[in-house]
Amino acid sequence: MEDKKKIRRFALIWCEMYKHHATIPGYFFEDIEFMGESLSELGFVMDCGESVEKAFPGSDVLNDNEALQRVIDQFDIQTLGNAIYSQWRYFNHWSMSPMEERDYQWFVIALSQLAKLCE
């Protein structure tokens, strides 16, 4: 896995972008060059949520902000990064509807914790 400083910097930048998503052009969230490739370069994998399911069996962490909040302190860096990558890819590729405010908030919660883990 890449240096924690790089991961922290990435998480802080993207956390702010998701917080202020209404003022940022949508292609920044959709283009693989920005988020997807960066996550991959940092050592994370898009595993369709498999690592989250393994860590938190039966949990709805990827779809429920309250479920995420309940276990957010139990994530390790790799699993959380993989979850962010998988969630990003879901909205980037598979979702048939635009992100809602709660979806942006999910990323804020997850990216904030990722930055914290890399302090």
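Just so you know, residue 1 is the first one in the sequence shown, and it goes up from there.
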Quiz prompt | Close side-chain approach of Trp88 to Met46, heavy-atom, < 4.5 Å | solution = no

Quiz prompt | Contact summary for Gly36 and Tyr85, nearest pair of heavy atoms | solution = O-OH, 3.3 Å

Quiz prompt | Residues which pass side-chain contact (heavy atoms from CB on, under 4.5 Å) with Val45, listed by chain and number, not counting sequence neighbours | solution = Asp47, Asn82

Exercise. Would you please classify the geometry between the His21 ring and the Tyr104 ring as parallel, tilted or perpendicular, with 30° and 60° separating the classes?
Key: parallel

Self-check item: From Ile84 atom CD1 to Met35 atom CE, the distance as rounded to the nearest 0.5 Å
Solution: 6.0 Å

Quiz item: Is there side-chain contact between Ile72 and Leu80, with heavy atoms separated by less than 4.5 Å?
Solution: yes

Quiz prompt | Taking every non-hydrogen atom, the tightest pair across Cys48 and Ser86 | solution = N-OG, 3.1 Å

Exercise. Measure the CZ-CD1 distance between Arg8 and Ile77 for me, rounded to the nearest 0.5 Å.
Key: 11.0 Å

Self-check item: Side chain Trp106, main chain Gln87, donor-acceptor under 3.5 Å
Solution: no

Quiz item: Mind checking whether Trp14 and Leu12 sit in one hydrophobic cluster, side chains of I, L, V, M, F, W, Y counted as touching below 4.5 Å?
Solution: no

Quiz item: If you look at every heavy atom in Arg89 and Asn92, which pair is closest and at what distance?
Solution: NH1-OD1, 2.8 Å

Quiz item: Can you pull the salt bridge (charged side-chain N to carboxylate O under 4.0 Å, His left out) pairs that have at least one residue in residues 90-105, sequence neighbours excluded?
Solution: Glu100-Arg102

Self-check item: Main-chain N/O of Asp76 paired with Thr79 side-chain donor or acceptor, under 3.5 Å
Solution: no

Quiz item: Got a sec, which residues hit side-chain contact (heavy atoms from CB on, under 4.5 Å) with Glu66, two or more places apart in sequence or on another chain?
Solution: Asp64, Arg70

Quiz item: Is the closest side-chain heavy-atom distance between Gln74 and Val71 below 4.5 Å?
Solution: yes

Quiz item: Can you name the residues that form a ring pair (Phe, Tyr, Trp, His ring centres under 6.0 Å) with Phe56, not counting sequence neighbours?
Solution: Phe75

Quiz prompt | With sequence neighbours excluded, residues passing salt bridge (Lys or Arg N to Asp or Glu O under 4.0 Å) with Glu16 | solution = Lys19

N/O donor to acceptor pairs below 3.5 angstrom from side-chain atoms of residues 107-119, sequence neighbours left out:
unit_1, atom_1, unit_2, atom_2, d
Ser112, OG, Val108, O, 2.7

Quiz item: Of all heavy-atom pairs between Leu62 and Gly49, which one has the smallest distance, and what is that distance?
Solution: CD1-CA, 3.7 Å

